[in-house]
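Heads up: numbering here begins at 1 and tracks the sequence. Keep in mind that the numbers below use all heavy atoms, side chains included, and drop hydrogens, waters and symmetry copies.
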Amino acid sequence: MKAVGVIVEYNPFHNGHKFHLDQTKKQTGADIVIAVMSGNFLQRGEPALVSKWARTEMALYGGADIVFELPYFFATQNADIFATGAVSLLAAANCHSLCFGSEAGDIHTFTETLHFLSEKNDEFQDKIKEYSSQGVSYPKALSLSFEALSPGRHLLDLSKPNNILGLQYVAAIQQQNFAIKPLTIIRKNANYHDEHFASSSIASATSIRKSLFSENGSIEGIHSYLPHTTYDLLHKYKKEYRQFHSWEDYWHLLKYKLLLSSPEELRGIHEVEEGLENRLQHAALQADSFHDFMEQIKTKRYTWTRLQRVCLHILMNVKKAETANKKHPEYLRLLGMSANGREYLRKEKKNLHLPLVSKLSANKQLLDLDIRASRLYALGLKGKNEQERLLSLDFKQPPIQL
């Protein structure tokens with residue numbers, strides 16, 4: 001059976017994601033779509049709107065056949081580590097191709113850009129250091145360095161978030177010499193960071209979440225931008241857990257952690273660098289909300305996304321020593337499968353390149369960070385019963401089957 005991979009977050013699954021999956025199947029002729037999906041916390045360092053289990057159901061109803069969880073360590077990192085982890089899982093699952101959405105929509109632009117950067121690597125790295133020393137954020141330094149080295153050339157626009165991720169996917173495939181063919185589909189209508197709804201039936205996940213959390217927001221207000229299964233599952237989640245998840249739900253935990261930790265303890269946390277601990281503690285004393293806190297600590301050098309990841313690692317107590325030797329995922333955590341997905345795993349189980357994990361009982365040490373992430377995620381719920389119910393899923397919920 002021919003399998004194509006996709007790397008996703010589905011926060012939440014919407015019509016644009018459905019379009020991507022439909023086009024992926026059409027362009028590759030694959031029998032199986034394997035999704036590697038971030039767990040309860042995402043690449044931008046924020047909690048998912050709904051749990052990984054609810055998003056797995058959305059993915060399966062939307063057309064995915066198998067959903068594997070991207071482990072916390074890789075899911076909450078910068079683009080190159082995120083991409084390395086996700087592509088490694090697709091390779092372990094024997095995917096013949098990877099299809100991703102991008103603003104460019106042309107895979108040759110990605111390969112040509114990578115070739116150009118490999119030729120100019122030393123100059124490129126020097127330029128990045130030069131711009132970074134001027135207080136520019138890393139993504140901006142990346143884009144400026146690329147523009148400086150390739151004026152007038154028709155190469156990739158590295159100011160676009162999906163282009164950046166896509167370039168890292170292709171780079172990971174090449175660097176690891178994986179037998180995966182990269183393909184890309186142009187993003188339709190809405191851009192990744194768009195905060196307002198487009199006139200079509202496709203809107204960005206950012207605009208959908210913004211609408212849900214607005215003063216008069218409701219699930220009904222986003223109905224036209226979602227498949228009916230996502231719409232129903234959002235209703236179900238809200239009824240069962242009485243809320244959706246946002247950083248504000250974890251602010252009291254973060255403030256407690258920041259104010260009761262010593263500067264030395266904070267310096268030992270993954271990604272806390274250059275005296276950032278002092279800035280964080282000072283702002284925690286002043287801020288009344290997570291948004292207020294972020295407004296106080298963000299700078300040109302430290303992007304909102306990077307700072308959210310730092311805050312998340314602090315809450316998770318992820319020590320620098322824990323992350324030092326992590327290079328590749330160590331397991332395939334199965335969250336859900338369709339009937340076709342089940343048949344694929346039955347045929348391929350002995351050929352998978354990593355252990356297949358469907359229960360936590362025998363793998364607690366291996367999955368330590370993921371279990372901690374599930375515990376933290378549940379603590380964002382206001383009701384004790386809801387917290388216990390959500391937390392128990394990691395130990396009681398078998399892979400979802402459609």
Problem set entry | Min side-chain heavy-atom separation Lys236-Asp232 under 4.5 Å | no
For this session: Would you check if Leu332 and Leu334 make a side-chain contact, meaning some heavy-atom pair closer than 4.5 Å?
Result: no
For this session: Show your reasoning for whether side-chain contact (heavy atoms from CB on, under 4.5 Å) applies to Leu376 and Leu312.
Result: CA-CA 10 Å; Leu376 174 61; Leu312 182 54; 3.9 Å; yes
Problem set entry | Distance, nearest 0.5 Å, that separates CD1 of Ile314 from NE2 of His270 | 11.5 Å
Seminar exercise, completed: In short, Gly166 meets Phe100 closest at the heavy-atom pair CA-CE1, 3.5 Å
For this session: Output yes when a side-chain donor or acceptor of Ser211 lies under 3.5 Å from a complementary backbone atom of Ile208, and no otherwise.
Result: no
Exercise. Of all residues at least two apart in sequence or in a different chain, which pass the side-chain contact (heavy atoms from CB on, under 4.5 Å) check with Cys99?
Worked result: Val4, His20, Thr24, Leu183, Ile185
For this session: Anything under 30° is parallel, anything over 60° is perpendicular, the rest tilted; go ahead and classify Phe41 against Tyr250.
Result: perpendicular
Problem set entry | Verdict with reasoning, His245 to Leu390, per side-chain contact (heavy atoms from CB on, under 4.5 Å) | CA-CA 12 Å; His245 300 252; Leu390 184 57; 4.1 Å; yes
Problem set entry | Arg242 (side chain) donor-acceptor with Glu386 (main chain) under 3.5 angstrom | no
Exercise. Between Tyr72 and Tyr377, is the gap from one ring center to the other below 6.0 Å?
Worked result: no
Exercise. Hey, does the side chain of Gln243 reach the backbone of Gly380 with a donor-acceptor pair shorter than 3.5 angstrom?
Worked result: yes
Exercise. Just wondering, more than 12 heavy atoms not from Lys320 lying within 6.0 Å of its NZ?
Worked result: yes
Problem set entry | From CZ (Arg267) to CD (Glu274), nearest 0.5 Å | 13.0 Å
Exercise. Does the Arg389 side chain pair with the main chain of Tyr241, one donor and one acceptor, at a distance under 3.5 Å?
Worked result: no
Exercise. Quick one: side-chain contact (heavy atoms from CB on, under 4.5 Å) partners of Ala79, sequence neighbours excluded?
Worked result: Ile164, Leu165, Gln168
Exercise. Can you tell me how far the OG1 atom of Thr56 sits from the CE atom of Met37, to the nearest 0.5 Å?
Worked result: 3.5 Å
Exercise. Nearest heavy-atom pair of Lys2 and Gly29: which atoms, and what distance?
Worked result: CD-O, 4.2 Å
Exercise. Residues two or more places apart in sequence or in another chain: which of them pass ring-ring contact (aromatic ring centres under 6.0 Å, His included) with Phe293?
Worked result: Trp251
For this session: Quick one: list whatever passes ring-ring contact (aromatic ring centres under 6.0 Å, His included) with His115, sequence neighbours left out.
Result: none
Exercise. Would Ser102 and Thr184 count as a side chain to side chain donor-acceptor pair (under 3.5 Å) if you check the C-alpha gap in whole Å, the side-chain angles of each, and the deciding distance to 0.1 Å?
Worked result: CA-CA 6 Å; Ser102 69; Thr184 189; 2.7 Å; yes
For this session: With the side chain counted from C-beta on, respond yes when His328 and Leu354 share a heavy-atom pair under 4.5 Å apart, and no when they do not.
Result: no
Exercise. Is there side-chain contact between Leu254 and Trp247, with at least one heavy-atom pair below 4.5 Å?
Worked result: yes
Problem set entry | Minimal non-hydrogen separation, Leu234 against Met58, with atom names | CD2-CE, 3.7 Å
For this session: Check whether any side-chain N or O of Arg187 sits under 3.5 Å from a backbone N or O of Gly101 as a donor-acceptor pair, and report yes or no.
Result: no
Problem set entry | Partner set under salt bridge (charged side-chain N to carboxylate O under 4.0 Å, His left out) for Asp394, not counting sequence neighbours | Lys52, Arg333
Exercise. Between the main-chain N or O of Leu156 and the side-chain N or O of Asn163, is there a donor-acceptor pair closer than 3.5 Å?
Worked result: no
Exercise. Under the side-chain contact (heavy atoms from CB on, under 4.5 Å) criterion, do Asp31 and Tyr344 qualify, and how do the steps go?
Worked result: CA-CA 9 Å; Asp31 305 296; Tyr344 178 84; over 6 Å; no
Exercise. With sequence neighbours left out, which residue pairs that include part of residues 243-257 fulfil the salt bridge (Lys or Arg N to Asp or Glu O under 4.0 Å) condition?
Worked result: Asp249-Lys382
Seminar exercise, completed: Sequence neighbours excluded, the answer for salt bridge (charged side-chain N to carboxylate O under 4.0 Å, His left out) partners of Glu123 is none
Exercise. Excluding sequence neighbours, so at least two apart, what forms side-chain contact (heavy atoms from CB on, under 4.5 Å) with Lys350?
Worked result: none
Exercise. Any side-chain donor-acceptor pair under 3.5 Å between Gln308 and Trp304?
Worked result: yes
For this session: Verify the distance criterion only: is there a donor paired with an acceptor across the side chains of Tyr237 and Glu57 at less than 3.5 Å?
Result: no
Problem set entry | Summary of salt bridge (Lys or Arg N to Asp or Glu O under 4.0 Å) pairs that have at least one residue in residues 92-101, sequence neighbours excluded | none
Exercise. In terms of heavy-atom contacts, does OH of Tyr256 have more than 12 from other residues, nucleotides or ligands at under 6.0 Å?
Worked result: no
Problem set entry | Side chain proximity check, Thr230 to Tyr10, heavy atoms < 4.5 angstrom | no
Problem set entry | Between CE on residue Met337 and CD1 on residue Ile400, distance to nearest 0.5 Å | 10.5 Å
Problem set entry | Distance (rounded to the nearest 0.5 Å) between Ser261 OG and Leu266 CG | 4.5 Å
Problem set entry | Which residues share a salt bridge (charged side-chain N to carboxylate O under 4.0 Å, His left out) with Asp22, sequence neighbours left out | Lys18
Problem set entry | Any Val318 side-chain heavy atom under 4.5 Å of Thr76 side chain | no
For this session: Locate the shortest heavy-atom distance separating Ala3 from Ile34; write the atom from each residue and the value.
Result: CB-CD1, 3.9 Å
Exercise. Under 3.5 Å, side chain of Arg55 to main-chain N/O of Gly39, donor-acceptor pair present?
Worked result: yes
For this session: Answer yes or no: are there more than 12 heavy-atom neighbours, outside Tyr61 itself, under 6.0 Å from its atom OH?
Result: no
Problem set entry | side-chain contact (heavy atoms from CB on, under 4.5 Å) partners for His235, two or more places apart | Ile219, Glu220, Tyr231
Seminar exercise, completed: So CZ of Arg44 and OG1 of Thr305: to nearest 0.5 Å the spacing works out to 3.5 Å
For this session: Could you label the plane-to-plane angle of the His17 and Phe13 rings as parallel, tilted or perpendicular, counting under 30° as parallel and over 60° as perpendicular?
Result: tilted
Exercise. Under a 4.5 Å cut-off applied to non-hydrogen side-chain atoms, are Val50 and Leu233 in contact?
Worked result: no
Exercise. Below 4.5 Å, heavy atoms only, C-beta onward: do Leu369 and Pro71 meet side chain to side chain?
Worked result: no
Seminar exercise, completed: Applying salt bridge (charged side-chain N to carboxylate O under 4.0 Å, His left out) to Glu112 and not counting sequence neighbours gives none
For this session: Ignoring hydrogens and angles, tell me if any N or O in the side chain of Glu9 forms a donor-acceptor pair with the backbone of Ser38 under 3.5 Å.
Result: no
Problem set entry | Chi angles and distances behind the side-chain contact (heavy atoms from CB on, under 4.5 Å) call for Leu49, Phe213 | CA-CA 10 Å; Leu49 182 73; Phe213 287 118; 3.6 Å; yes
Problem set entry | Flag, side chain of Asn40 to backbone of Ala373, donor-acceptor distance under 3.5 Å | no
Exercise. Under 3.5 Å, is there a donor-acceptor pair between the side chain of Gln43 and the main chain of Gln77?
Worked result: yes
